Amino acid sequence: MYLNRDIITLEEAQGLLQSVNLQTKTKKISTAEAHFYVLAENIYATFPIPAFRRSGYDGYGILNEDDHSFPREFEIIDNIGAGSVLEKKMSSGQAVRIMTGAKVPDEVGKVTMLEVTEKCSDDKVLIKESMKHSNISSIGEEFLKGDLLLSSGTRLNAGAISLLNAFGIAEVLVYQKPKVGILATGSELLKAGEAYVEGKIYNSNGPLLEALVRENGGLVITLDNVKDELHDTLAILNDLTSRCDLVLTTGGVSVGDFDFMAEAAKAADQFLFNKLSMRPGSPTTAFVHKGTPVIALSGNPGACFTGFYLFVEPTLQRFVGGKSRLKQVKLPLAHDYDKPNNFDKYLRATVNFDHDSGLIVSQIGSDKSSALGNLHSTTAFFKVPHDSSIHKGEEVEVWLLPYK
Ligand SMILES: Nc1nc2c(c(=O)[nH]1)N[C@H]1C(S)=C(S)[C@@H](COP(=O)(O)OP(=O)(O)OC[C@H]3O[C@@H](n4cnc5c(N)ncnc54)[C@H](O)[C@@H]3O)O[C@H]1N2
Ligand code: MOO
Ligand SMILES: [Mg+2]
């Protein structure tokens with residue numbers, strides 16, 4: 001196949017990836033395992049919350065008709081904690097000691113906080129004054145039966161897990177996490193823990209991609225390594241594409257003597273791109289091999305990281321019925337950036353609050369695509385359009401990275 005080194009823009013490349021058909025799959029899963037899965041159904045309240053009139057305080061419940069002429073002594077007929085219900089019938093002049101969260105007997109109109117009472121004996125209490133509020137939450141105060149609790153497409157974070165449990169929901173329908181194979185290419189790569197060998201480097205992009213895939217809702221099937229060798233690279237790509245929904249590679253996308261990804265792309269069913277008018281990651285490559293999309297990221301760590309968010313993250317979200325979770329905003333730049341380039345630049349950044357300007361974006365660490373020291377502290381990217389310099393205070397386009 002003819003391999004096209006035509007330069008296209010980031011948006012064109014994203015559009016080509018977007019045009020690849022992806023299959024979303026769903027499954028039933030226990031709520032206990034559902035953390036960070038994405039819901040594939042709407043969840044409705046099957047009962048109200050509170051489901052019963054609930055005491056908001058530890059105190060004494062009294063009848064409405066007794067809510068006058070304080071201070072006044074009452075007979076204590078029982079003590080009910082959360083989870084218990086009063087079995088007896090109350091009558092005028094009686095009070096029930098009741099704790100926060102307990103079901104308030106139907107006839108009780110008010111719960112008087114312990115702080116305005118004084119126990120006289122085991123079965124006598126002096127209520128010193130009336131309270132302004134009933135201190136009782138009504139049925140359905142927060143949720144009515146039938147309310148929409150969580151909509152399809154919601155990523156199940158801790159709060160969502162708690163909401164499902166509050167309604168006693170033990171199983172939910174979720175999108176299956178896309179299975180992702182990761183391949184780090186490079187004859188120079190050592191694994192952490194191996195003895196250092198001159199001229200070699202430790203593989204940091206493979207573990208970077210593995211962690212990024214997990215953080216962004218994918219399931220890592222395998223993390224392989226391959227030397228810069230076409231035959232082995234193709235064999236691993238054949239294997240990974242047969243087992244995975246998406247394959248990521250890093251390294252070997254440029255034009256060097258040992259860069260084999262462009263060559264490997266010639267075996268693809270569908271070639272998408274391999275040269276972009278952006279930095280970092282200008283040689284980022286993508287193709288569909290045996291029906292599975294392969295996104296081949298640059299070996300330079302800064303480019304690999306940036307490429308993950310610009311190409312892989314939106315693809316992972318499509319597998320679960322969604323779209324990129326990066327938020328695009330405009331913010332003033334906190335400093336000058338005076339290194340114009342023929343290509344648009346996407347720089348690693350953080351967003352801070354400044355008393356004079358409000359939210360501002362700043363470059364963080366090195367802007368070199370080989371740099372790896374700023375990946376852990378990057379919370380955003382900002383764009384420097386090609387051939388332009390930016391002055392402090394000028395607005396730039398910013399992509400905010402999603403919360404983990
Ligand atoms: N003659 C040209 N040379 C280069 C060009 C070009 O247009 N013409 N483009 C440059 C740009 S831009 C980039 S980006 C890189 C792309 O490099 P590759 O994707 O081919 O990656 P490698 O050659 O395999 O390695 C580059 C660099 O990254 C290190 N690396 C690789 N894998 C890992 C890993 N798993 N963990 C950490 N670091 C890794 C590798 O050792 C190299 O230092 O090409 C430029 N060259
Ligand atoms: O496009 Mo490359 O990632 O700048 O060095
Ligand atoms: Mg190379």
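All values derive from a computational prediction rather than experimental measurement. Just follow the structure's listing: the first ligand is 1, and inside any ligand the first atom is 1. As a basis for the values below, the full set of heavy atoms in this structure was taken, side chains included, without hydrogen atoms, waters or symmetry mates.
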Between the side chain of [X] and the main-chain N/O of [Y], is any donor-acceptor distance below 3.5 Å?
| X | Y | result |
| --- | --- | --- |
| Ser84 | Ile80 | no |
| Glu394 | Leu333 | no |
| Asn203 | Lys191 | no |
| Ser55 | Ile136 | no |

Under 4.0 Å from a heavy atom of [X]: which atoms of ligand 1 are those, numbered in the order shown and with their elements?
| X | result |
| --- | --- |
| Asp259 | 20 (O), 23 (O) |
| Gly252 | 18 (P), 19 (O), 20 (O), 21 (O), 22 (P), 24 (O) |
| Val255 | 1 (N), 2 (C), 8 (N) |
| Ser282 | 12 (S) |
| Arg279 | 12 (S) |
| Pro283 | 13 (C), 14 (S), 16 (C) |
| Gly251 | 19 (O), 21 (O), 24 (O) |

Separation between [atom1] of [X] and [atom2] of [Y], rounded to the nearest 0.5 Å:
| X | Y | atom1 | atom2 | result |
| --- | --- | --- | --- | --- |
| Phe343 | Lys275 | CZ | NZ | 5.0 Å |
| Leu223 | Leu183 | CG | CG | 8.5 Å |
| Leu126 | Thr117 | CG | OG1 | 8.0 Å |
| Leu150 | Asn42 | CG | CG | 9.0 Å |

For the residue pair Ser389 / Asp338, report whether a side-chain donor-acceptor contact shorter than 3.5 Å exists.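 Note: Asp338 and Ser389 side chains meet the donor-acceptor criterion.
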Do we see a donor-acceptor contact under 3.5 Å between the side chains of Ser324 and Gln317?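 No - no donor-acceptor pair under 3.5 Å links their side chains.
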I'd like to know whether CZ of Phe258 has more than 12 heavy-atom contacts from other residues, nucleotides or ligands below 6.0 angstrom. no
Consider every N or O of [X] and every N or O of ligand 1, then say whether any pair is closer than 3.5 Å.
| X | result |
| --- | --- |
| Ser254 | yes |
| Thr250 | no |
| Ile201 | no |
| Ser369 | no |

Could you find the nearest protein heavy atom to [atom] and give me its residue, atom name and distance?
| atom | result |
| --- | --- |
| atom 30 (N) of ligand 1 | Gly299 O, 3.1 Å |
| atom 33 (C) of ligand 1 | Asn205 ND2, 3.4 Å |
| atom 7 (O) of ligand 1 | Lys275 NZ, 3.9 Å |
| atom 14 (S) of ligand 1 | Ser298 OG, 3.2 Å |
| atom 37 (C) of ligand 1 | Ser204 OG, 3.3 Å |
| atom 41 (O) of ligand 1 | Glu188 OE2, 2.6 Å |
| atom 13 (C) of ligand 1 | Asn300 ND2, 3.7 Å |

Given Lys345, Gln363, His391, the one that forms side chain to side chain donor-acceptor pair (under 3.5 Å) with Tyr337: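 Output: one option passes, namely Lys345.
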Test the Lys177-Tyr37 pair against the cation-pi criterion, namely NZ or CZ under 6.0 angstrom from the six-membered ring centroid and within 45° of the ring axis. yes
Please indicate how many protein N/O/S atoms are found closer than 2.8 Å to the Mg ion (ligand 3), with waters neither displayed nor included.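 Considering protein N, O and S only, the Mg ion (ligand 3) has 2 within range.
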Please identify each residue that fulfils ring-ring contact (aromatic ring centres under 6.0 Å, His included) with Phe311, with sequence neighbours left out.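 If we apply the ring-ring contact (aromatic ring centres under 6.0 Å, His included) test to Phe311, skipping adjacent residues, the hits are Phe273.
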Applying the side-chain contact (heavy atoms from CB on, under 4.5 Å) test to Cys304, which of Asn205, Val312, Leu372, Leu248 qualifies? Asn205
Give the C-alpha distance, both sets of side-chain angles, the deciding distance and a yes or no for ring-ring contact (aromatic ring centres under 6.0 Å, His included) between Phe143 and Phe167. CA-CA 10 Å; Phe143 294 101; Phe167 281 89; 5.4 Å; yes
N/O donor-acceptor pairs under 3.5 Å from side chains in residues 94-106, not counting sequence neighbours:
unit_1	atom_1	unit_2	atom_2	d
Gln94	OE1	Ser91	N	2.8
Gln94	OE1	Ser91	OG	3.2
Gln94	NE2	Glu75	OE1	3.3
Arg97	NH1	Tyr60	OH	2.6
Thr100	OG1	Asp58	N	3.1
Thr100	OG1	Asp58	OD1	2.8

Compile the protein residues with any heavy atom at a distance under 4.0 Å from an atom of ligand 2; present them by chain, then by number.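 Contacts of ligand 2 under 4.0 Å: Arg279, Pro280, Gly281, Ser282, Pro283, Asn300, Ala303, Ser369.
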